[in-house]
Amino acid sequence: MPELPEVETVRDGLERHVVGRTVRAAEVRRPYSVRRHLAGPADLAGRLAGRTLTAAVRRGKFLWLPLDHPGAPGTTPDDALLAHLGMSGQLLVRATAADVAAAEHPHLRVRLLLDDGGALDFVDQRTFGHLSVVDLEPTADDRPGGAGSDLALVPGPVAHIGRDLLDPAVDRDVVARAVRRRRTQVKRAVLDQTVVSGVGNIYADEGLWRARVHPLTPTADLDQATALRVLDGLAEVMGEALAQGGTSFDALYVNVNGASGYFDRSLAVYGQTDRPCPRCGTPVVRESFMNRSSHFCPVCQPAP
DNA sequence: CGCTCTACCTGTGTGC
DNA sequence: TGCACACAGGTAGAGC
């Protein structure tokens, strides 16, 4: 389940192994996986052929690779290959033609054949993820936590996504005020990607546990210090997961599912129903929330 | 405009 | 064994 640390691990792998290479051709095996590319699979393939991948950029859980102009290398890219991994998406680098041939996979959705004989494969079991080629647009960076009037060059579908807590330009004080401005519960607020991006169900539960805040606490009840403690808890747990993911990252293999190894060892409450809270030993509680689930310690995180 | 809820998708696990 | 169903969950867009 890729959240911010997993997507950042993928971005880092793409930066080191794919950036600078050129797409020879794109094969769309499953049109549904490019459904956000409104002009259709053939148009997507046409816009990728012959283009060079010039960078790997991420905001929250969105990831994009700006594309060089075929006839004008070195100019500022104005479009990009945009990816969202959804729940189960993986971007897998195949180094050689032999690797490509050996890598047929029942969940292979899109294959980008590269000009050096390798490939970049988009594999996605549950197909919540998607790829598209979209224009980059100078976007007023006035989202919560943004850098005020600065313009950021981001894909159109990413324009409404807030900065994430691992972004050096994020202002946690501003994000905390944005969380408190919402009229809802704190877990809903931190899952809202327009408020703060990159947080999914797993890290929301873990961050709230670290901050000792119940998921259903009304945002109206949060003072600034408590809201900041929640953001600190989220940033801390995502930072630790990223550090672990980075150390287990395998060269030439950009993995997502379980790449960090974090899920098995370090989760305090997520998926730990009835197991003891690592702080106080009280059994962890699971409750239904937004057709999902919330996990928390009923003692450390008292109900509002 | 702000908030809430659901559809989208597929493989795995569980209960009858 | 076979079937039905719950579950995992990020996002866009509809609904209120």
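In what follows, chains carry the letters A, B, and so on, assigned in the order in which the sequence lines appear, proteins first and then strands, with residues in each chain numbered from 1. For the numbers below, each heavy atom of this structure counts, side chains included, while hydrogens, waters and symmetry mates do not.
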Query raised in the report: So is A:R35 actually on top of A:Y32's ring, under 6.0 Å and inside 45° of the axis?
Result: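 Pair A:R35/A:Y32 counts as cation-pi.
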Query raised in the report: Do we get A:R279 above A:W209's six-membered ring, with its NZ or CZ under 6.0 Å from the centre and within 45° of the axis?
Result: yes
Report task. Apply side chain to side chain contact (heavy atoms under 4.5 Å, CB included) to A:H214 and A:F296, showing your working. Result -> CA-CA 7 Å; A:H214 192 285; A:F296 58 92; 3.4 Å; yes
[X] [atom1] to [N] [atom2], straight-line distance once rounded to whole Å:
| X | N | atom1 | atom2 | result |
| --- | --- | --- | --- | --- |
| A:R182 | B:dG2 | CZ | C1' | 7 Å |
| A:K187 | B:dC3 | NZ | C1' | 18 Å |
| A:R188 | B:dG2 | CZ | P | 17 Å |
| A:L191 | C:dT11 | CG | P | 10 Å |
| A:D192 | B:dC1 | CG | C1' | 14 Å |

Query raised in the report: A:R35 near the nucleic acid: base, sugar-phosphate alone, or nothing, with a heavy-atom cut-off under 4.0 Å?
Result: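 If one applies the 4.0 Å heavy-atom cut-off, A:R35 turns out to touch nothing in the nucleic acid.
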Query - Nearest-nucleotide 5' precedence on DNA chain C, A:R286 against A:M290 - result: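 Its nearest nucleotide lies further toward 5', so the answer is A:R286.
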Query raised in the report: Is there a donor and acceptor pair closer than 3.5 Å between the side chain of A:R181 and the base of B:dG2?
Result: no
Requested in this report: Spell out yes or no: do the side chain of A:R292 and the base of C:dA8 have one donor N/O and one acceptor N/O closer than 3.5 Å?
Outcome: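 A donor-acceptor contact between them is absent.
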Query raised in the report: Counting side-chain heavy atoms from CB outward, which of B:dG11, B:dT6, B:dC3 is closest to A:N291?
Result: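 Looking only at side-chain atoms, A:N291 lies closest to B:dT6.
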Query raised in the report: Tell me, do A:V179 and A:V230 make a side-chain contact under 4.5 Å, heavy atoms counted?
Result: no
